[in-house]
Asks: 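Pasting in a structure now, in structure tokens, and then I'll have a few things to ask.
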Amino acid sequence: ETAEQGFQSLNDIGPMSADVGMALGEIWRWRGWPERAEQRFTALVADYPDLTLAKIDLANAHLDLRDWRLAESEIKPLAKDYPENASILALDRRWMLHNERQLVINGFGAKSSGSTFGGRSQGLDATLYSRPIDYNYRAFVSTQYDHANFQEGTGHVAFPSIGLEYTNRDWRLTGALSQASLSNNGIGTTLTADYRRDDHWSFASVLDINSSQMPLRGLRTGISASLLNASAVYRWSDLTRASAGVGVMHMDDGNQRESLNLAVDRRLITQPHYKLTTHLRADASRNSESNTIYFNPASDVELGAVLDNEWMLWRRYDRSFSHRLQVGVGLYNQQNFGSGATWMVSYEQQLKLDDRFELDYGVTHSSHPYDGVKETTTKFFGSLNLLF
């Protein structure tokens with residue numbers, strides 16, 4: 001933010017300075033405003049056709065904006081004409097990595113003092129994406145697996161699926177078909193739509209039939225559900241964003257769950273090796289039925305705040321090792337059961353071997369009341385992002 005203000009002051013003095021214009025456009029990219037940066041670099045390329053750095057930054061902005069064909073048409077001539085330019089080599093490698101396969105895995109194991117979501121539980125989500133097809137498409141296969149021990153018995157279910165993703169400058173659309181391992185659950189259909197309106201506004205929606213989001217405690221007894229969610233995000237800059245979401249889930253036991261989620265994220269401290277961000281949350285829900293086997297409050301509201309500390313411990317080019325400590329507190333109110341405090345502490349390490357391989361792992365310890373009974377949970381989690 002301070003750098004932007006300084007270069008903006010210089011730009012006001014000398015608006016035709018290519019160096020100042022380049023610096024300002026790069027800062028806009030880094031602050032998450034690719035359209036604004038694109039306009040600046042487009043003007044610089046038009047005014048200074050021999051300015052190679054402006055062409056490099058314009059191609060990077062088009063990659064940020066998912067304008068794949070246009071980005072390739074800019075990158076290939078640069079790589080051919082300047083085969084030893086370090087910035088162009090980095091740009092060309094970014095394009096190469098975009099065209100690789102991608103594997104994303106997230107997993108957890110948890111132990112709880114109560115049985116609302118299982119005394120012991122495990123989960124795994126894995127998605128394998130193909131290389132891009134005709135620039136805008138990727139096929140994928142995925143699976144979700146959940147397992148938990150309840151007082152009344154053990155529950156486990158897998159949701160293998162196959163789907164197709166489409167992305168362009170403004171949209172990301174996905175469609176997937178799945179079949180749960182439980183024989184009483186029909187074929188699942190998931191449709192998602194994410195729309196990026198500009199540098200600040202984005203919107204998302206999900207339609208999920210025979211959803212994997214149905215609580216496992218209900219799934220194991222033959223209850224299935226379908227849901228519809230919609231959300232909006234306003235992002236001021238790299239420092240601040242706010243979001244709001246609404247959702248409806250209809251279970252085939254007659255229950256309908258309605259939810260509302262509000263969030264604000266604000267960066268408080270930004271230093272070369274340390275960042276502090278605060279996350280504020282407000283969530284509410286209500287259900288039309290009572291006395292269901294799964295956790296199903298008549299209505300509830302939860303308020304929470306988390307301080308998110310990130311430290312970069314070591315970095316050399318694309319390799320880095322960092323860690324993260326989150327501390328949160330909140331208040332939960334459930335109809336007919338009053339209010340109770342919540343808290344959480346989470347520690348995470350993040351290892352990036354290169355620009356192809358990222359591994360995160362950590363542990364979270366938390367406390368939350370359910371039906372007036374406080375439960376403490378310890379969860380170990382990990383994630384892998386691999387390009388190959």
Side-chain angles (χ1 to χ4, degrees), residues 1 4 25 27-39 60-68 98 102 104 106 125 127 129 136 138 140 163 165-176 190-208 211-213 227-249 257-270 275-285 301-310 324 326 328 330 344 346 348 350 358 360 383 385:
E1 185 177 36
E4 183 195 2
I27 289 172
W28 291 343
R29 265 197 71 219
W30 299 334
R31 302 209 69 191
W33 303 324
E35 286 189 358
R36 192 176 180 186
E38 177 197 29
Q39 294 172 2
N60 270 310
H62 287 145
L63 285 177
D64 297 338
L65 290 164
R66 302 184 304 209
D67 205 334
W68 312 124
H98 161 72
Q102 183 179 19
V104 181
N106 295 283
D125 288 298
T127 304
Y129 293 93
N136 299 104
R138 289 196 301 176
F140 63 86
E165 173 196 73
Y166 172 82
T167 58
N168 66 13
R169 186 181 175 103
D170 300 318
W171 290 90
R172 179 180 181 269
L173 308 173
T174 68
T190 305
L191 302 173
T192 71
D194 300 302
Y195 172 62
R196 182 186 174 283
R197 182 176 177 269
D198 53 33
D199 282 343
H200 300 287
W201 282 105
S202 60
F203 305 88
S205 62
V206 177
L207 173 62
D208 199 2
S211 173
S212 62
Q213 301 304 308
L227 66 85
L228 177 64
N229 289 341
S231 62
V233 176
Y234 186 83
R235 187 178 183 279
W236 282 267
S237 68
D238 57 318
L239 301 180
T240 311
R241 56 172 274 168
S243 63
V246 294
V248 177
M249 176 182 282
R257 176 174 296 172
E258 300 170 350
S259 61
L260 171 66
N261 312 100
L262 304 173
V264 175
D265 304 301
R266 172 65 183 177
R267 177 80 56 77
L268 301 178
I269 298 174
T270 301
K275 295 181 177 65
L276 174 63
T277 305
T278 181
H279 307 289
L280 305 177
R281 299 288 185 269
D283 303 300
S285 72
V301 176
E302 182 166 2
L303 305 175
V306 175
L307 286 178
D308 186 350
N309 302 265
E310 298 177 78
R324 183 177 188 179
Q326 297 185 74
M344 63 81 71
S346 179
E348 176 182 357
Q350 301 165 327
E358 295 182 43
D360 296 0
S383 66
N385 187 10

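This is a predicted model, so every value here is computed, not measured.
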Asks: Backbone N or O of Gln213 within a donor-acceptor pair of the Asp208 side chain at under 3.5 Å?
Replies: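 The answer is no, because no donor-acceptor pair under 3.5 Å joins these two groups.
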
Asks: Between Arg197, His200, Arg241, which is the residue that forms a side-chain contact (heavy atoms from CB on, under 4.5 Å) with Tyr234?
Replies: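 Exactly one pass, corresponding to His200.
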
Asks: Taking all atoms of both residues into account, what is the closest heavy-atom pair of Ser383 and Asn106, and its distance?
Replies: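 Smallest heavy-atom distance, with atoms named: CB-OD1, 3.0 Å.
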
Asks: Calculate, to the nearest 0.5 Å, the distance between atoms CG and CG belonging to Asp170 and Asp198 respectively.
Replies: 9.5 Å

Asks: Taking all non-hydrogen atoms of both residues into account, name the closest pair between Thr167 and Asn136 and its distance.
Replies: O-ND2, 2.7 Å

Asks: Measure the spacing between OH of Tyr129 and CZ of Arg138 and express it to the nearest 0.5 Å.
Replies: 5.5 Å

Asks: For a quick test of reading the model, state the closest non-hydrogen atom pair linking Gly25 to Ala37 and the distance between them.
Replies: O-CB, 3.4 Å

Asks: Pick out which of Asn261, Val301, Leu303 makes a side-chain contact (heavy atoms from CB on, under 4.5 Å) with Asp283.
Replies: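 Output: one option passes, namely Asn261.
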
Asks: Measure from the side-chain N and O atoms of Asp199 to the backbone N and O of Glu35, and report whether any donor-acceptor pair falls under 3.5 Å.
Replies: yes

Asks: Could you give the distance from OG (Ser259) to CG (Leu227), rounded to the nearest 0.5 Å?
Replies: 8.5 Å

Asks: Ignoring hydrogens and angles, state whether a donor on the side chain of Arg266 or Thr240 is under 3.5 Å from an acceptor on the partner side chain.
Replies: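 Present: a donor and an acceptor within the cut-off.
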
Asks: Should Arg172 and Glu165 count as side-chain neighbours, where that means a heavy-atom distance under 4.5 Å?
Replies: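 Yes. Closest side-chain heavy atoms under 4.5 Å.
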
Asks: Could you go step by step and tell me if Glu38 and His62 meet the side-chain contact (heavy atoms from CB on, under 4.5 Å) rule?
Replies: CA-CA 7 Å; Glu38 177 197 29; His62 287 145; 2.9 Å; yes

Asks: Evaluate the side-chain proximity of Phe203 to Val233: yes if any heavy-atom separation is below 4.5 Å, no if none is.
Replies: no

Asks: Considering non-hydrogen atoms only, spot the tightest contact between Leu63 and Trp68 and give its length.
Replies: O-CZ3, 3.8 Å

Asks: What pair of heavy atoms forms the shortest contact from Ala61 to Pro34, and how long is it?
Replies: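 In terms of heavy atoms, the two residues are closest at CB-O, 4.2 Å.
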
Asks: Consider only side-chain N and O atoms of Arg31 and Ser237, and report whether a donor and an acceptor are under 3.5 Å apart.
Replies: yes

Asks: Would Arg267 and Glu1 count as a salt bridge (charged side-chain N to carboxylate O under 4.0 Å, His left out) if you check the C-alpha gap in whole Å, the side-chain angles of each, and the deciding distance to 0.1 Å?
Replies: CA-CA 11 Å; Arg267 177 80 56 77; Glu1 185 177 36; over 6 Å; no

Asks: How about Trp171 and Arg66: do any of their side-chain heavy atoms sit closer than 4.5 Å?
Replies: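 They are not in side-chain contact.
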
Asks: Are the side chain of Asn229 and the backbone of Ser205 linked by a donor-acceptor contact shorter than 3.5 Å?
Replies: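 Here the side-chain-to-backbone pair does not exist.
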
Asks: Would you check if Thr190 and Thr174 make a side-chain contact, meaning some heavy-atom pair closer than 4.5 Å?
Replies: no

Asks: Report yes if the side chains of Asp265 and Arg281 come closer than 4.5 Å at any heavy-atom pair, otherwise no.
Replies: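 When only atoms from C-beta onward are counted, Arg281 and Asp265 do touch, with a gap below 4.5 Å.
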
Asks: Where do Arg196 and Leu65 land on the side-chain contact (heavy atoms from CB on, under 4.5 Å) test, with the steps shown first?
Replies: CA-CA 9 Å; Arg196 182 186 174 283; Leu65 290 164; 3.7 Å; yes

Asks: To the nearest 0.5 Å, tell me how far Leu276 CG sits from Leu268 CG.
Replies: 5.0 Å

Asks: Work out which heavy atom in Gly175 is nearest to a heavy atom in Leu191; give both atom names and the distance.
Replies: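 In terms of heavy atoms, the two residues are closest at CA-CD2, 3.9 Å.
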
Asks: Could you tell me the separation between the CG atom of Leu262 and the CG atom of Leu280, rounded to the nearest 0.5 Å?
Replies: 11.0 Å

Asks: Roughly how far, to the nearest 0.5 Å, is CG of Leu228 from CG of Leu207?
Replies: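 Separation between the atoms: 6.0 Å.
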
Asks: Counting only N and O atoms by type, is there a donor-acceptor contact under 3.5 Å from the side chain of Trp33 to the main-chain atoms of Trp236?
Replies: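 Side chain of Trp33 to backbone of Trp236: a pair is present.
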
